[in-house]
Amino acid sequence: VASGYFKWYKVDGEGTEAVIKIYGPGELAGLPPLFDPTPTARYIANLVAVREGELVFWPAGAFRSLLKKYPDWFFTFNRYLTDTLKELAAAKTAVSLKPVRHRLEDYLVALGAGESWVNLPMPKRQIACALSTSAETFSRALASLKREGRLRTEQGLYRLT
């Protein structure tokens, strides 16, 4: 991801959307099919911009040639895959074990709201979907953090206190 924010998502037969991950600048998206050498390799979900941005695309053949030329790079890309798996495992656990308020706090910390003022990278309803909750529950959690003095907002920016 050169710039912007992109959501990686799937939609079921009834149109219900599940956001798997949000990618931001500097992150690598779409790696799994690059490591699948079969002719039927496919992306397992969709990727769409939630904030205007730019993606850099590497065709699978060129990517594999690059790794053959620089085999140490395989470890770099494998680290990104592993980090994504860890993040997905943590998100799955959070949905099962953490209340929405805590998921929201974790998300804000990941954005850097514990250290400085941050702008939300996408609409609140998209963040709610990414946190596996409804927009209404997300809004209540946001209001709760503000009421408790745990979150400050100013001119569209957010900061945890």
Within the structure provided, determine whether Tyr80 and Glu27 are in side-chain contact (heavy-atom separation under 4.5 Å).
no
Any side-chain heavy atom of Leu131 sitting closer than 4.5 Å to one from Val100?
no
Over 60° means perpendicular and under 30° means parallel, so tell me whether Trp73 and Tyr70 are parallel, tilted or perpendicular.
parallel
How many angstroms lie between OH in Tyr158 and CG in Leu108, if you round to the nearest 0.5 Å?
9.0 Å
When rounded to the nearest 0.5 Å, the distance separating OG of Ser3 from CD of Glu52 is 8.0 Å
Looking at every heavy atom in both Ala45 and Ile20, which two are closest together, and how far apart are they?
CB-CD1, 3.6 Å
Nearest 0.5 angstrom please: Leu67 CG to Phe74 CZ, how far?
7.5 Å
Quick one: does any side-chain atom of Arg159 pair with a main-chain N or O of Glu115 as donor and acceptor, under 3.5 Å?
yes
Do the non-hydrogen side-chain atoms of Val19 and Ile127 ever get within less than 4.5 Å of each other?
no
Is a side-chain N or O of Thr161 found less than 3.5 angstrom from the main chain of Gly149, in a donor-acceptor match?
yes
Name the atoms and distances for all side-chain donor-acceptor pairs under 3.5 Å in residues 4-12, with sequence neighbours left out.
unit_1: Lys7; atom_1: NZ; unit_2: Glu17; atom_2: OE1; d: 3.2
unit_1: Lys7; atom_1: NZ; unit_2: Glu17; atom_2: OE2; d: 2.7
unit_1: Lys7; atom_1: NZ; unit_2: Gln126; atom_2: OE1; d: 3.0
unit_1: Lys10; atom_1: NZ; unit_2: Ile44; atom_2: O; d: 3.1
unit_1: Asp12; atom_1: OD1; unit_2: Glu14; atom_2: N; d: 2.9
unit_1: Asp12; atom_1: OD1; unit_2: Gly15; atom_2: N; d: 3.0
unit_1: Asp12; atom_1: OD1; unit_2: Thr16; atom_2: N; d: 2.9

Counting only heavy atoms not in Arg79, do more than 12 sit closer than 6.0 Å to its CZ atom?
yes
Leu47 vs Leu55 side-chain heavy atoms within contact, under 4.5 Å
yes
Donor-acceptor check, side chain of Arg51 to backbone of Leu120, threshold 3.5 angstrom: yes or no?
yes
State the CZ-OG1 distance between Phe75 and Thr82, to the nearest 0.5 angstrom.
11.0 Å
What's the separation between atom CD1 in Ile22 and atom CD in Glu87, rounded to the nearest 0.5 Å?
9.5 Å
Can you measure from OG1 (Thr76) to CG (Leu28) and round to the nearest 0.5 angstrom?
9.5 Å
Starting from Leu111, can I reach Val1 by hopping between I/L/V/M/F/W/Y residues whose side chains sit under 4.5 Å apart?
no
Applying side chain to side chain contact (heavy atoms under 4.5 Å, CB included), run through Trp117 and Arg152 and close with a yes or a no.
CA-CA 9 Å; Trp117 290 92; Arg152 292 176 43 212; 3.4 Å; yes
Let me check something: do Val48 and Tyr43 share a hydrophobic cluster, defined by ILVMFWY side-chain heavy atoms less than 4.5 Å apart, either directly or through other members?
no
Is there a path of hydrophobic side-chain contacts, each under 4.5 Å between heavy atoms of I/L/V/M/F/W/Y residues, joining Val118 to Leu157?
no
Spell out, as yes or no, whether a donor-acceptor pair under 3.5 Å connects the side chain of Arg101 to the backbone of Leu145.
no
With a 4.5 Å cut-off on side-chain heavy-atom distances among I, L, V, M, F, W and Y, is there a chain of contacts connecting Leu88 to Tyr107?
no
Side-chain ion pair, Glu136 and Arg140, N-O less than 4.0 Å:
no
